[in-house]
2 protein chains.
Amino acid sequence: MARPLGVVGDRWTLLLVRDLLRGRSHFAELEESLEGIFPNVLSGRLKALEDSGVLNRLVTSGRPPGTEYQRTDKGQALAAVVGAIFDWGTEWEPKADE
Amino acid sequence: MARPLGVVGDRWTLLLVRDLLRGRSHFAELEESLEGIFPNVLSGRLKALEDSGVLNRLVTSGRPPGTEYQRTDKGQALAAVVGAIFDWGTEWEPKADE
DNA sequence: CAGTATCCGTATCGATACTG
DNA sequence: CAGTATCGATACGGATACTG
């Protein structure tokens, strides 16, 4: 309770948004990109972001078939903020870059 | 482990930095401002922020005596980022404003 | 490929009491 | 006023197994 910013602040979420920004759109891509995340956790994060309107999940029936996650306008705005956070991190937190 | 951005992301921390930004500098002020936080938790957050160089703690021997927390340059930079987060929140998260 | 189900361990928070 | 000490509760993440 009293979670200041809803979904933002959960572990992995910021990294996730940032990876989405970088063009990763498939479950497996994200899973690989976020080293150490487990599928159940990733699934939960994606769902939470979807529920809060940050991204859309769309199932493609193309070739190859699959699932894609794409940012909404809200997600786009968030990505900008996330960028600022990471910039701060890399500038001021020598160790905790990535 | 693998906590993306160190101290940023812990509960209360963002609100705390923002309140510091707004001029709150005393323990009791912050405790009152962050409704629902408990002194032990606040103490821990302040210590973590101090350790990571976001703020300085200085004990004043003036009249009245007391303790003050003031942001460092790093904290100043963080405050700007935090501002962006909250702006995003108020713009895109109707419910979860403050 | 893209997830869901389940269980467990612990980090973190909440709450109260107490102190220099 | 500005904290520290302590302890219990639980939410969350980690890990593994399994499925449409």
Side-chain angles (χ1 to χ4, degrees), chain A residues 1-20 23-52 54-71 96 98, chain B residues 1-20 23-52 54-71 96 98:
Chain A
M1 291 144 193
R3 235 198 359 224
L5 288 164
V7 98
V8 180
D10 287 342
R11 188 126 96 181
W12 300 110
T13 297
L14 259 20
L15 291 170
L16 186 51
V17 171
R18 179 242 237 157
D19 283 354
L20 252 353
R24 274 68 174 257
S25 56
H26 296 278
F27 193 93
E29 274 181 331
L30 295 165
E31 195 175 1
E32 187 183 13
S33 172
L34 300 174
E35 269 186 59
I37 198 172
F38 288 86
N40 54 346
V41 176
L42 176 56
S43 176
R45 289 295 175 280
L46 288 170
K47 208 160 291 177
L49 288 172
E50 198 187 346
D51 286 350
S52 79
V54 168
L55 54 83
N56 287 319
R57 175 177 184 273
L58 93 146
V59 181
T60 63
S61 311
R63 193 184 316 101
T67 313
E68 270 186 64
Y69 293 92
Q70 35 191 221
R71 276 175 294 116
E98 200 220 4
Chain B
M1 291 145 191
R3 240 205 346 231
L5 289 165
V7 96
V8 181
D10 288 343
R11 187 128 96 182
W12 299 111
T13 296
L14 259 20
L15 290 170
L16 186 51
V17 170
R18 180 242 237 155
D19 282 356
L20 252 354
R24 274 69 175 255
S25 56
H26 296 279
F27 193 93
E29 275 180 332
L30 294 165
E31 194 175 1
E32 188 184 14
S33 172
L34 301 174
E35 269 185 59
I37 198 171
F38 287 86
N40 55 348
V41 176
L42 177 55
S43 177
R45 289 295 174 282
L46 287 169
K47 208 159 292 175
L49 288 173
E50 198 186 346
D51 287 350
S52 79
V54 168
L55 55 83
N56 289 317
R57 175 177 185 273
L58 93 144
V59 180
T60 64
S61 311
R63 195 182 316 105
T67 313
E68 271 187 63
Y69 293 92
Q70 35 191 220
R71 275 175 293 117
E98 204 218 5

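Numbered from 1 within each chain, the chains take letters A, B, ... in sequence-line order.
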Margin query: Within the 4.5 Å heavy-atom criterion, are A:Y69 and A:L49 side-chain neighbours or not?
Written below: no

Notebook entry, point to check: What is the distance from CD1 of B:I37 to P of C:dT12, rounded to the nearest Å?
Noted result: 15 Å

Checklist line | Option among B:L55, B:V59, B:T60 that satisfies the side-chain contact (heavy atoms from CB on, under 4.5 Å) test with B:E68 | finding: B:T60

Notebook entry, point to check: Between D:dG14, C:dG3, D:dT4, which nucleotide gets closest to the side-chain atoms of B:P39?
Noted result: D:dT4

Check: Taking all non-hydrogen atoms of both residues, which atom of B:I37 and which atom of B:E31 are closest, and how far apart?
Finding: CG2-O, 4.0 Å

Notebook entry, point to check: Reckon B:R11 has a side-chain N or O less than 4.0 Å from the OP1 or OP2 of D:dA11?
Noted result: no

Notebook entry, point to check: With respect to the phosphate group of D:dC1, does any side-chain polar atom (N or O) of B:H26 fall under 4.0 Å of OP1 or OP2?
Noted result: no

Item checked: For DNA chain C, the dot-bracket pattern of Watson-Crick and G-U pairs whose distances stay under 3.5 Å, | for other-strand partners -> ||||||||||||||||||||

Check: Just how far, in rounded Å, is C1' of C:dC13 from CG of B:L16?
Finding: 15 Å

Check: Under 4.0 Å between a side-chain N/O of B:R57 and OP1 or OP2 of D:dA2, yes or no?
Finding: no

Checklist line | d(CZ, A:F27; P, C:dG3) in whole Å | finding: 6 Å

Item checked: Closest non-hydrogen atom pair between A:G23 and A:E29, with its separation -> O-OE1, 4.4 Å

Check: Given D:dG3, C:dA2, C:dT16, which nucleotide is nearest the side-chain atoms of B:F38?
Finding: C:dT16

Notebook entry, point to check: What's the shortest heavy-atom distance between B:W12 and B:E35, and which atoms?
Noted result: CH2-O, 3.6 Å

Next item on the list: Starting at CG of A:L20, measure out to CG of A:L15 and round the result to the nearest 0.5 Å.
Entry: 11.5 Å

Check: Would you call B:L30 and B:L46 a side-chain contact if the rule is heavy atoms closer than 4.5 Å?
Finding: yes

Note to self: Under 4.0 Å from OP1 or OP2 of D:dG3: is there any side-chain N or O of B:T67 that close?
What the structure shows: yes

Next item on the list: Let me know the distance between CG of B:L49 and P of D:dG3, rounded to the nearest Å.
Entry: 13 Å

Next item on the list: Would you please confirm or rule out a distance under 4.0 Å between OP1 or OP2 of D:dT4 and any side-chain N or O of B:K47?
Entry: yes

Next item on the list: Let me know the distance between CG of A:L30 and C1' of C:dA2, rounded to the nearest Å.
Entry: 12 Å

Note to self: Nearest whole Å is fine: how far is D:dA2 C1' from B:E68 CD?
What the structure shows: 13 Å

Checklist line | A:L46 CG to C:dG3 C1', straight-line distance once rounded to whole Å | finding: 10 Å

Check: Once you round it to whole Å, what is the distance between P of D:dA11 and CG of A:D10?
Finding: 14 Å

